[in-house]
Amino acid sequence: MQHDPHKTTKPEILAPAGSMESLVAAVRSGATAVYLGGQAFSARAAAHNFDRDALRQAVEYCHVRGVAVHLAVNTLLLEDELPAALEFAAFACSLPVDAIIVQDVGLFSLLRRCAPDLPLHASTQMSVHSPAGARLLAAQGMRRVVLSRELSLDEIREISAAVPVELEHFVHGALCMSVSGQCYFSAMLGSRSGNRGMCAQPCRLPFAAPEGTGYDLSLKDLSLIDRIDELAQAGVSSCKIEGRMKRPEYVAAATAACTFAERGEAIPGDLRQNLYSVFSRSGFTTGYADGERGREMFGVRTKQNVTDASQAVFSQLHSLYKGERPCVPVSFRFTAQAGKPCSLTVQDEDGHTVTREGPVPEPAQNRPLDAARCRAQLEKTGGTPFFCTRTGCEIADGLALPASALNHLRRDCLDALTEQRKHRPPIPFSRGEIPSGKHRPETPLRWRARFARVRESTDIPPEAEVCEWIYVPLGTPLPVLADLRRRGLSVALEMPRGMFGTEPAVRRQLEQAAKAGFCHVWAGNLGAVGLARELGLSIHGGFSLNAVNTAALEWLEQLGLEDTELSLELTLAQARHLGGNIPRGIQLYGRLPLMLCRNCPAANAPGGCKGCEARGGSRPAVLTDRKGETFPIQCFGGCSEILNCVPLSLSDRIHEIQGQDFGVFRFTVENSVEIGEIFSAFQSHTPLKGPYTRGLSYRGIQ
């Protein structure tokens, strides 16, 4: 592959800014870029965030100091929110920000149309963790991809070698148990959607795996600060610090430590200790980067962790950003001639130039002005973001000028330069129509069924033969697939939602299946969509693509998907009102997946996953919460899904489902008798026996 100019061995240090004080702390501690959110559409809704006046001030403050501003508009956007989101993006382009971070593929497609010159970054909420996923977004115009936190350094290298796009990766901060963008736990338990910036962090509550610690969804914080050079060599061009909801002192400590590491300098011992003290959960982990997952990655915030964060620590860290940091190099050129006003020109490395005139020099009565004294006075730039790299002087003999005049010239020039640097040309933004309309589905509602494990064709019971499609796991033996086809079933292969480091193996399996005539796949992440497109397969989109608006559906249709499931987080009414032509469907039944985890919760036990029933052990793969509810865990493709404690069922509400082409049954822990009873209940439109939930079909999300 040819060298990509976007990739560099000197990575950007990207710091969080949940408030103006945190932004100042980040910039004064050495950040080369910050990311922040507005008062809406931000994945950290609980942070202070920035109103429009504050956002303008923040952008000007950063641009004066040569720091880039990445604006997070990184939540899923419901249909009626898209106009406001686009209007906010137009405002951001007027400032302009340096990039917008997006999660929602509908917003992404609209911004590509409205502002083609606007750099867009794929949020980690897009769950990109494979070469094909990064390739897909790069081809669609994404400038940068923020990679999933769960990748190893080897897997990052694999993506970097395959994709000519900037890669961003987290270097320090909290680790979610779930792959970002694939967590529905908070939404299902309390309607507070992590995909909407409202996560209630249920994973930090007691959830016990067999023989675990009792907090088996809580990971230690990540810290790769000492590995920044390795990240850069792996192809990471931006090292991101998590923490928009944390204190400015934390931001300053993490940023300063990253700055030392990026320069190849040792991190001072007191700074390292203070960073540990200000926030950690039983220490830090590098498990994902090293490919060493398991018990050592788990941790909680202990009483000792809290007491370590003393006021003395915060006071020490505050000193990191109490004064302006000289970060913008400038050059001076001073001229003094007899009978003419003296002049000073200042120029920065971005091409901004300012010239100001001062008083006419007088004949020297005692000591005449010389170049050395002039330079010494002009280069006193303390208290400003500027520092002088070169001063040229042209001074005629025998002239005098008071120091106050030189000081005034310097201040006047630097003030004018500051104003120049504040303002940049806006990014053109053309408002277009937002897709809407009414979808007219085929009737009646067709059924599809997904089976988590299929070892023999008899694992698919006769009752499922009413379904138009049967989804079975990729890797189901070809003879079993052939038997299912002989039974008259239309079979699609479910690609793994997590393909960390497994894309070559998945590609081989798909190619073998396609040769046998099985060319339809279920794709639940952008990497799976990209890979299936590259192989020319027919794609059925999954719920985990998180399609929640018409623009997203149109984008998926443009990618070539035959149909798609809608997000689990839509109500029936919201799903009914989506437009577009692509056939779509919702979940009718099943234990909904609450989390997709690369580090299985069952691994937080002696012996790790080896004791799990799924690996031939004796322990059931379940979690138990503080109320005694049990949540099954199922593994597929190298990742684990945590399933809800009760199934979703709409068996007695079929008549309320409108605007959909199909409905999906997800069978995970059910036996053949239970499956038969479920189909019977749906055919008779009667409630299921036993406990069930309506999910978010009526109550929706915040």
Which atoms form the tightest heavy-atom contact between [X] and [Y], and what is the distance?
{"X": "T285", "Y": "M297", "value": "OG1-CG, 3.4 Å"}
{"X": "A209", "Y": "L623", "value": "N-CD2, 3.7 Å"}
{"X": "R450", "Y": "T668", "value": "NH1-CG2, 3.4 Å"}
{"X": "C62", "Y": "V34", "value": "SG-CG2, 3.9 Å"}
{"X": "A523", "Y": "L545", "value": "O-CD1, 3.7 Å"}
{"X": "V669", "Y": "P632", "value": "CG1-CB, 4.1 Å"}

Is there a side-chain contact (heavy atoms from CB on, under 4.5 Å) between V73 and L107 once you walk through the steps?
CA-CA 9 Å; V73 189; L107 177 65; 3.8 Å; yes
Does any donor atom in the side chain of [X] or [Y] lie under 3.5 Å from an acceptor atom in the other side chain?
{"X": "D221", "Y": "S280", "value": "no"}
{"X": "Y35", "Y": "D98", "value": "no"}
{"X": "Q103", "Y": "N195", "value": "yes"}
{"X": "E166", "Y": "S237", "value": "no"}
{"X": "R204", "Y": "S218", "value": "yes"}
{"X": "S180", "Y": "R149", "value": "yes"}
{"X": "S193", "Y": "E569", "value": "yes"}
{"X": "Q125", "Y": "N74", "value": "no"}

Under 6.0 Å from the six-membered ring centre of F260 and within 45° of its axis: does the NZ or CZ of R263 meet both?
yes
Rounded to the nearest 0.5 Å, what's the gap from [atom1] on [X] to [atom2] on [Y]? Could you check?
{"X": "I642", "Y": "C183", "atom1": "CD1", "atom2": "SG", "value": "8.0 Å"}
{"X": "K220", "Y": "T286", "atom1": "NZ", "atom2": "OG1", "value": "9.5 Å"}
{"X": "I633", "Y": "C600", "atom1": "CD1", "atom2": "SG", "value": "5.0 Å"}
{"X": "R192", "Y": "I701", "atom1": "CZ", "atom2": "CD1", "value": "12.5 Å"}
{"X": "E158", "Y": "F500", "atom1": "CD", "atom2": "CZ", "value": "12.5 Å"}
{"X": "I100", "Y": "F41", "atom1": "CD1", "atom2": "CZ", "value": "11.5 Å"}

Is the shortest heavy-atom distance from the side chain of [X] to the side chain of [Y] under 4.5 Å?
{"X": "C258", "Y": "V171", "value": "yes"}
{"X": "S22", "Y": "V251", "value": "yes"}
{"X": "S123", "Y": "V102", "value": "no"}
{"X": "R143", "Y": "L120", "value": "no"}
{"X": "R453", "Y": "P473", "value": "no"}
{"X": "I241", "Y": "I225", "value": "no"}
{"X": "R247", "Y": "L317", "value": "no"}
{"X": "L217", "Y": "M595", "value": "yes"}

Does any N or O in the side chain of [X] come within less than 3.5 Å of the main-chain N or O of [Y], such that one atom is a donor and the other an acceptor?
{"X": "R533", "Y": "L559", "result": "yes"}
{"X": "R28", "Y": "Y321", "result": "yes"}
{"X": "T32", "Y": "I13", "result": "yes"}
{"X": "H129", "Y": "M499", "result": "yes"}
{"X": "S544", "Y": "G524", "result": "yes"}
{"X": "N525", "Y": "G527", "result": "yes"}
{"X": "S178", "Y": "C597", "result": "no"}
{"X": "R301", "Y": "S282", "result": "no"}
{"X": "T476", "Y": "V472", "result": "no"}
{"X": "S186", "Y": "A200", "result": "yes"}

So that I can tick it off, tell me whether [Y] and [X] are bridged by a salt bridge, with the cut-off set at under 4.0 angstrom between side-chain N and carboxylate O.
{"X": "E503", "Y": "R135", "value": "yes"}
{"X": "E641", "Y": "R497", "value": "yes"}
{"X": "D226", "Y": "R272", "value": "yes"}
{"X": "E211", "Y": "R295", "value": "no"}
{"X": "E629", "Y": "K627", "value": "no"}
{"X": "E155", "Y": "R598", "value": "yes"}

More than 12 heavy atoms of other residues, nucleotides or ligands under 6.0 Å from CD of E296: is that the case?
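Not buried by this count: 12 neighbours or fewer within 6.0 Å.
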CA sep, side-chain torsions, deciding dist, call: R293, Y288, side-chain contact (heavy atoms from CB on, under 4.5 Å):
CA-CA 6 Å; R293 300 175 293 279; Y288 283 135; 3.7 Å; yes
Evaluation steps, side-chain contact (heavy atoms from CB on, under 4.5 Å), between H172 and F284:
CA-CA 9 Å; H172 189 87; F284 298 106; 3.5 Å; yes
Parallel, tilted or perpendicular: rings of [Y] and [X] (30°, 60°):
{"X": "F543", "Y": "W522", "result": "tilted"}
{"X": "H70", "Y": "H121", "result": "perpendicular"}
{"X": "Y471", "Y": "H540", "result": "tilted"}

Run L474 and V521 through side-chain contact (heavy atoms from CB on, under 4.5 Å) and show every step you take.
CA-CA 9 Å; L474 180 66; V521 298; over 6 Å; no
Under the side chain to side chain donor-acceptor pair (under 3.5 Å) test against E242, which residue among K240, R244, K246 passes?
K246
Could you walk me through whether F185 and F631 pass the ring-ring contact (aromatic ring centres under 6.0 Å, His included) test, one step at a time?
CA-CA 11 Å; F185 218 141; F631 298 77; 5.7 Å; yes
